Each structure stands twice: as structure tokens, then as C-alpha cells.
K.L.:
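Have a look at the structure that comes next, please.
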Protein chains: 2
Amino acid sequence: MQPDNYEFIDEMLKEERQQTILNEVELHNRILLTDIAEALDVSIDTVRRDVKELDAENKLRKVHGGAISLGFTMNSTRNHNVYKLEEKNKIAQKALSLLRPGSVIFIDGGTTCSELARLIPQNLSLTCFTHSLPVASELLGKPNITVIIIGGEVSSESQTTIGANAIHNLSEIKVDYSFIGTGYVDSFYGLTEFDWDIVQVKKAVIKCSKKTVLLSISEKLNSQHRYKTCDINAINTMITELDPNDQLLNSFRNHDIRIL
Amino acid sequence: MQPDNYEFIDEMLKEERQQTILNEVELHNRILLTDIAEALDVSIDTVRRDVKELDAENKLRKVHGGAISLGFTMNSTRNHNVYKLEEKNKIAQKALSLLRPGSVIFIDGGTTCSELARLIPQNLSLTCFTHSLPVASELLGKPNITVIIIGGEVSSESQTTIGANAIHNLSEIKVDYSFIGTGYVDSFYGLTEFDWDIVQVKKAVIKCSKKTVLLSISEKLNSQHRYKTCDINAINTMITELDPNDQLLNSFRNHDIRIL
DNA sequence: GGCTTTCTTGCCTATATTTGCACGATTCTA
DNA sequence: TAGAATCGTGCAAATATAGGCAAGAAAGCC
């Protein structure tokens, strides 16, 4: 989120401040307390108190570290993660450029993918498969998007469907692009995860996609964990918040990957 | 706010002063009492009294430290569905009494069913099927509940999955209880809906349930619409916010329905 | 005009609200 | 599980508020 330039007023009334916060939440769907505190030049405690009051009045929902709009979507989904939101926003912006009218795509779970879902423009018509509840919620408001949820048992941790049923359902579809996230990525070890069930689903996703696009913040580069989703070669396009020429991406250039 | 240069009048009448204050509020959307007091060269107490009177006359809204224009806050009242929330809560409370540890249940979409999902206690272990995203979200926080989403195309209006895929998925399961809502219910015409697709899904839900529980606010009693979900006899238990002996429920007593 | 009554205004004091800070508890991420 | 971020609470300083009081102005009455 780019902290907007608020009109700088020496003394802001509490009501004004709360109204400003509400406007920001409605505009961006979510805010960070720290951003608001800085933008409005008040202490974080004050913002925290304001948000708490607004929450009590049912004007928004307070979450750890920020607040989210309680608009039509029930993105009241538990803990909205606001970590590295700016980077994720940048990645999602780049990913948008791959979308064409009429495309059939899959969107994975995770905050970066949710951000992509959120940014998809109203006037773009798409068919979107997803196994992520937050992603489905983000997409629901957009009139030109057909949303299809992959059924199955819901993992409360990832808020996605997992398990045999989900994997089976994935085996019966074919999409043009899948946009997936990962816990860890390394040019040698490929994509890895902490959780076994998640790996199985991601494998199924990759299998049902003509092209696979990896969305990952640079922080995850050159890290690995226990269970392997796929080789790095299985990825067709890789998007980070970095400039494509950044040296941090050097080790990925030998592979047949498009880097955005 | 730059204190405007008011025409300096040695003795300003109370009426004039209040009009000036009103003008300022309309112009800037907000004022600080201290600014006004200084600008008009009267004591802060006088301004405070003026603003208090104007507030009582509904000309502006007094807040701590200042006043804001009435138009300023109007924009934020998006209707959030809190319609008849108390009744729905009462219904959900009654429905809770049907739940037993280990039960396998289905929960329909709609605000009454969401309320039921919200109220399910943390320590009750259940397997819950649902085709409603909001219901799934409510259940996700509860550690002892296995949540399974029925896959399919998502209807943005109802925030539930519908269509052939959802119906097929429902045909492959069997649950002890299903808790369903309805658009309209009448002892003669049965359960009816405005939307054809919704009806098809509800039929599939009823078919996969050993027992079907209808949750409906009394407002919907004795109303009907275009498409029929099922006869009233298909319902095993009916729950409204009314006392089970209420005369409004008389026409349902001839049928083999348990009324809670 | 003289008198009282009412209204307005400013000042004072006790109380309430707002705000920022400190510190331990809690939650989140890795 | 460790480290960091965030949260909640209590506290103190600054500011705002409510209500009482009194001086002065305005209005009504004789």
C-alpha cells in the first residue's frame, strides 16, 4: 500500500481520523496500523484504539497488525496476513500482465495469490479455479469472473482445500495458467514446503496447468525445506518483487524460466 | 485550517456568530473550537455553548474538541447484513441443541446458517460439510471441526457453490443432519425460492441427509415464490425464533414435523 | 427612570477524554 | 522453539467538558 498523502492537519479531530481510517480501509480493503500511524502522524497506540473502536462499532474488522474491510466479501477470514504487503502487491501487479480475456486460470492459496485475486480488474472476464477460500472471496465481487472452488477438506491453517478429494477434483480440469506460491524456493532444490499435504495439492495443480507461474517474494529465494513440490524446471514463469536483472536471481537464469 | 479573516465586528450577535460557525463547518467540513474562539474573539466557553445548541438543532455534530459537518460522515453506512440478527441468533441457539459429538452435518448458506456455524462451540467435534464460503470461514477457527467444502461454481450472490458439479459432489455423501435455510416457506406450498439454481442444490442437500432441519425466521412463514425446493413433509425439524406453541405455527402442526 | 427578570458571557473548578509511553503478555513467523 | 512484532493495560500529561457563579447587557414592568 502506498501511504496516500493525507492533507496534513496539525490537529486532527478524533472523528476525522477515524473517518480517514475507514476511508482507507474501504479503499484498500486492508491497512497496516503502522502505515496509518505514520501517515496521520499519531502514535500507533492511538491508531490501535481508533481501530478497536471502529471494530466495536462494526465499521471494520481489526486483525493482528492491521484492519480489513468487512465489505461484501467475507474476507473476514481469520488472520489476514499483512506481512510484506508492498512486495506482494508489486508481484501481483506483474502477474496481472499475463492475464488475457477469456483465460482459464488457477490461483493458489497464500497472501501473494490473494493479492493477485484482489487486483484482477472488474472488466476482465476470466474463469478462475481456486482451492483457497480467501481467493474465492476476493474474486466474488467481480462480475465478469467465473469462480470455481475445488472441493475437499479445508485446512484451517492454509484456508485451502487439501486431501484426496481436492487432488482428485484437480485431476479433472485443465487450465491455461496456474499462479502458485511456495514456502521455499531454491534453484537447485526446486520448490519445497513444510507441509506434506500442501505439497500433494500443489503437485496436482502443476499437473493440471499448461503453464505454471510462481509468485514469490525475494525473501524466500535460496531457501529450502523438507518436502519437494517440483523441480525448478517445472516453473515456466517466476515473479518476484525484484527487478528481473537483479543479481539475486542469477542462479535461476540458467534454467528455462521467464523471469518477471 | 487557516482561521479566515472574519469581518471584525466589535459586538457580534449570538445569531450571527452561530451562523458564522455553521458556515465554517460547511466550508471546511470540520472546525476546532479553539480556532473559532480565537477567530471570533470570544471565549471558548461561548463557542462551546453555541456549538452545543447547533448540535441540539441538528445543524452540525459536536465532537470532542470541535464540530463536524453532518454530511461528512453520511457516506459510511454500508448495510451489512444485520437484519433480524437477534431472531437468527435465537434460532441458531436452538439448533445447537441437536448437535452431538461426532455428528456429520451439512450447513447451508445464508445468514441464519452462518450464525449457527459461528455459535458451534470450540470443544464440540463434528464433521461439517458446507457449500457456503461464509460458513466455512466461521468454522475454520474451531480446532475440533473437520470442514469439507462442496466444490463447484461459486454464486457471487449467495456465496455458495452451485451448479452441476456441486450437485454431483453432494450425491456422493450422506450426512446425519442438514441445516438449511429457505427463501420462503408455506405449510401448503412447501419450501420455495426465487432462484432456480439454488433450488437444485437444496434438493441435492435434502437428498443426502438422513434428517433435514429448517432454520427460518417467522417473517418467512406463509410466503411462497416461483420454484419449489420440497414439500413441507420433507422437513423433519423446523426452527423459528418463536415459541413452539405460537399460533403462527399452527398450520405446520398437522404435518409430521418437530417444531422447536 | 428605577426596578426586576432574563439572557449572555466569561471565569473557575472538578471531572472526563484523549493521547503517548512503558512494560509484560500474547501472537506471529521462521 | 526462538525472536520479533503486536497487543493490552495502567499511568501521567495535556486538553476538553460540564456546571456553578457572577458581572454586565437587554428586556419587561410599574
Side-chain angles (χ1 to χ4, degrees), chain A residues 9-21 30-38 40-56 61-68 77-88 109-112 156-159 181-186 192-195 198 216-227, chain B residues 9-21 30-38 40-56 61-68 140-141 143:
Chain A
I9 305 177
D10 279 332
E11 294 183 56
M12 204 171 198
L13 292 169
K14 185 183 161 194
E15 316 288 325
E16 285 182 278
R17 203 179 47 234
Q18 295 195 352
Q19 188 62 49
T20 306
I21 293 173
R30 56 186 79 165
I31 51 167
L32 294 178
L33 299 190
T34 50
D35 280 358
I36 292 288
E38 192 183 349
L40 298 183
D41 194 34
V42 290
S43 79
I44 188 128
D45 303 75
T46 302
V47 177
R48 201 190 311 287
R49 270 185 282 243
D50 283 339
V51 167
K52 197 172 176 182
E53 284 178 29
L54 290 168
D55 182 282
R61 182 133 309 148
K62 184 177 178 337
V63 296
H64 195 91
I68 60 178
T77 41
R78 302 293 146 205
N79 317 308
H80 239 254
N81 187 334
V82 282
Y83 179 68
K84 297 252 184 187
L85 196 56
E86 282 197 39
E87 285 85 344
K88 290 169 179 177
T111 46
T112 311
S156 68
E157 195 174 339
S158 65
Q159 306 199 44
T182 189
Y184 310 85
V185 54
D186 183 285
T192 48
E193 297 284 340
F194 169 78
D195 184 313
I198 296 288
S216 174
I217 57 176
S218 63
E219 188 185 60
K220 293 176 173 177
L221 298 179
N222 304 314
S223 68
Q224 61 286 145
H225 213 283
R226 195 184 312 258
Y227 305 117
Chain B
I9 306 176
D10 276 334
E11 294 184 52
M12 208 173 197
L13 296 176
K14 187 181 166 193
E15 293 264 336
E16 286 183 90
R17 202 179 50 234
Q18 294 197 353
Q19 190 57 50
T20 307
I21 293 173
R30 60 130 219 176
I31 51 167
L32 301 180
L33 298 190
T34 50
D35 281 358
I36 292 290
E38 192 184 349
L40 297 182
D41 195 32
V42 290
S43 80
I44 188 108
D45 302 75
T46 302
V47 177
R48 200 188 313 286
R49 270 186 282 245
D50 284 338
V51 168
K52 198 172 178 180
E53 286 178 28
L54 290 168
D55 181 86
R61 199 157 76 81
K62 184 179 179 328
V63 297
H64 194 94
I68 60 183
L140 268 183

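If you're wondering where the values come from, they're calculated on a predicted model, not measured in any experiment. Residue numbers start from 1 in every chain, and the chains themselves are labelled A, B, ... in the order their sequence lines are given, proteins ahead of strands.
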K.L.:
So B:V51, base contact, sugar-phosphate only, or nothing? Heavy-atom distance under 4.0 Å.
P.N.:
nothing

K.L.:
Give one of base, sugar-phosphate or nothing for B:I44, where a contact means two heavy atoms less than 4.0 Å apart.
P.N.:
nothing

K.L.:
Nearest-Å distance, NE2 (A:H64) to P (C:dT29)?
P.N.:
7 Å

K.L.:
Could you state the interatomic distance from NE2 (B:H64) to CG (B:L33), rounded to the nearest 0.5 Å?
P.N.:
9.5 Å

K.L.:
Any sub-3.5 Å donor-acceptor pair from A:E193's side-chain atoms to A:G183's backbone N or O?
P.N.:
yes

K.L.:
So, does the side chain of B:R49 form a donor-acceptor pair with the base of C:dG10 at under 3.5 Å?
P.N.:
yes

K.L.:
Roughly, in whole Å, what's the span from CZ in A:F194 to C1' in C:dT29?
P.N.:
12 Å

K.L.:
Please report the distance, rounded to the nearest Å, between CD in B:Q18 and C1' in C:dT9.
P.N.:
13 Å

K.L.:
For B:S43, enumerate each residue passing the side chain to side chain donor-acceptor pair (under 3.5 Å) test, keeping only those at least two apart in sequence or located in another chain.
P.N.:
B:T46

K.L.:
Check this one for me: any side-chain N or O of B:R17 less than 4.0 Å away from OP1 or OP2 of C:dT9?
P.N.:
yes

K.L.:
Would you indicate which nucleotide in C:dA30, D:dT9, C:dG10 comes nearest to any side-chain atom of B:T46?
P.N.:
C:dG10

K.L.:
Quickly work out the A:K14 NZ to D:dT15 P distance and round it to whole Å.
P.N.:
18 Å

K.L.:
Has the side chain of A:D45 got a donor or acceptor atom sitting under 3.5 Å from an opposite partner on the base of D:dC7?
P.N.:
no

K.L.:
Go through the structure and list residues passing side chain to side chain donor-acceptor pair (under 3.5 Å) with A:D186, not counting sequence neighbours.
P.N.:
A:Q224

K.L.:
Hey, is A:E15 close enough to B:R30 for a salt bridge, meaning N to O under 4.0 Å?
P.N.:
no

K.L.:
D:dG19, D:dC7, C:dG10: which one has an atom nearest the side-chain heavy atoms of B:K52?
P.N.:
D:dG19

K.L.:
Answer yes or no: does a side-chain N or O of A:K62 lie under 4.0 Å from OP1 or OP2 of D:dC7?
P.N.:
yes

K.L.:
In whole angstrom, give the distance that lies between atom CD1 of B:I36 and atom P of D:dA16.
P.N.:
14 Å

K.L.:
How close or far is atom C1' of C:dA30 from atom CZ of A:R226, stated in whole angstroms?
P.N.:
14 Å

K.L.:
The side chain of B:S43 lies closest to which of these nucleotides: C:dC11, C:dT18, C:dA30?
P.N.:
C:dC11

